[in-house]
Amino acid sequence: MEHIARVYADALFGVAKEKGKLDVIRDQLGQFADALAENKQLQLFFFSPYFSSAEKEDGLSKAVAGAEPELLNFLNLLLEKHRMPVLFRIRKQFDSLWAKENKRLGVTVTSAVELDPEIARKIGAEIEGQTGEVVELSSHVDPDILGGLVVQVGNMVLDTSIRNRLEKLRKSVARAA
């Protein structure tokens, strides 16, 4: 499924970039995917084999009235190829391609207590300085880490939490025993 999603996302991304519509198609794809995720009846309609392709295409044209023609063609292709259930993964892949194109980097900082906004800003600025990309920082509170920080940059994780240090110490003691 991931491979299929990547192929379709690459195709849509290429067309959107070529037409200079990356942002608008990303927004419209996201709106459609969100609407689909929130409405089980829409999912049943678009994902079900019990409705004909013609019925689905008619429903799609009503659901995305005013959308960019490239997106409408893309969604019709998904319907025709019975790939609509892969839409959520396609969106994720498309967003990843968009972020890379726009030099955006998602960073998540997890701490035991609410971070001071100035500290969070400094962490973001430091990562921006090292990567040269615009950081989209989100912070979460997880009291289970006890103290320290867990910083996730893309798929890389820097875990300086007290919980992690205690776990390493426990393993070290277990090996020594």
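Note that this is a predicted model, so its numbers are computed, not measured.
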Distance-only donor-acceptor pairs under 3.5 Å for side chains of residues 55-68, two or more places apart:
| from | atom 1 | to | atom 2 | distance (Å) |
| --- | --- | --- | --- | --- |
| Glu55 | OE1 | Ser52 | N | 2.8 |
| Glu55 | OE1 | Ser52 | OG | 3.3 |
| Lys56 | NZ | Phe46 | O | 3.4 |
| Lys56 | NZ | Ser48 | O | 2.5 |
| Asp58 | OD2 | Lys62 | NZ | 3.3 |
| Ser61 | OG | Asp58 | O | 2.8 |
| Glu68 | OE1 | Lys21 | NZ | 2.7 |

For Glu118, does its backbone N or O pair with a side-chain atom of Asp116 as donor and acceptor, under 3.5 Å? yes
Would you check if Ile123 and Val135 make a side-chain contact, meaning some heavy-atom pair closer than 4.5 Å? no
Distance from Gln43 atom CD to Lys40 atom NZ, nearest 0.5 Å? 4.5 Å
Test item: Asp142 and Val150 side chains (from C-beta on) under 4.5 Å apart, heavy atoms: no
Any Asn73 side-chain heavy atom under 4.5 Å of Val15 side chain: no
Salt bridge (charged side-chain N to carboxylate O under 4.0 Å, His left out) partners of residues 82-93, not counting sequence neighbours, each pair once: Glu2-Arg89, Asp34-Arg91, Arg91-Asp95
Co-membership, hydrophobic cluster, residues Phe88 and Leu42, 4.5 Å side-chain: yes
Indicate, with yes or no, if Phe47 and Leu44 share a hydrophobic cluster defined by side-chain heavy-atom contacts under 4.5 Å among Ile, Leu, Val, Met, Phe, Trp and Tyr. no
Is there a path from Val157 to Ile127 through hydrophobic residues (I, L, V, M, F, W, Y) whose side chains come within less than 4.5 Å of each other? no
Heavy-atom side-chain contact between Phe74 and Tyr8 under 4.5 Å: yes
If every non-hydrogen atom of Ala112 is compared with every non-hydrogen atom of Gly147, which pair is closest and at what distance? CB-N, 3.7 Å
Is there a side-chain contact between Lys103 and Val134 in this structure, where contact means two heavy atoms from C-beta onward sitting under 4.5 Å apart? no
Hey, what do you get for CD1 (Ile145) to CG (Asn164), rounding to the nearest 0.5 Å? 10.0 Å
Side chain proximity check, Ile119 to Val109, heavy atoms < 4.5 angstrom: no
Phe94 vs Leu22, test: side chain to side chain contact (heavy atoms under 4.5 Å, CB included). Steps then yes/no. CA-CA 10 Å; Phe94 189 93; Leu22 272 177; 4.1 Å; yes
pair Val153-Leu105: side-chain heavy atoms closer than 4.5 Å: yes
Please check this pair: side chain of Thr160 against backbone of Leu149, looking for a donor-acceptor N/O pair closer than 3.5 Å. yes
Roughly how far, to the nearest 0.5 Å, is the CH2 atom of Trp98 from the CG atom of Asp27? 8.0 Å
Rounded to the nearest 0.5 Å, the CZ atom of Arg170 sits from the CZ atom of Arg175 at a distance of 10.0 Å
Euclidean distance, Leu146 CG relative to Arg163 CZ, rounded to 0.5 Å: 7.5 Å
Return the minimal non-hydrogen interatomic distance between Ile25 and Ala16, and the atom names on each side. CD1-CB, 3.7 Å
Under 4.5 Å between side-chain heavy atoms, hopping through other hydrophobics if needed: is there a path connecting Val107 to Val141? no
What I'd like to find out is whether the side chain of Phe45 reaches to under 4.5 Å of the side chain of Leu36, using heavy atoms alone. no
Quick check for you: to the nearest 0.5 Å, what is the distance between Leu71 atom CG and Lys19 atom NZ? 13.5 Å
Give a yes or no on whether Leu12 and Val7 share a hydrophobic cluster (residues Ile, Leu, Val, Met, Phe, Trp, Tyr; joining criterion: side-chain heavy atoms under 4.5 Å apart). no
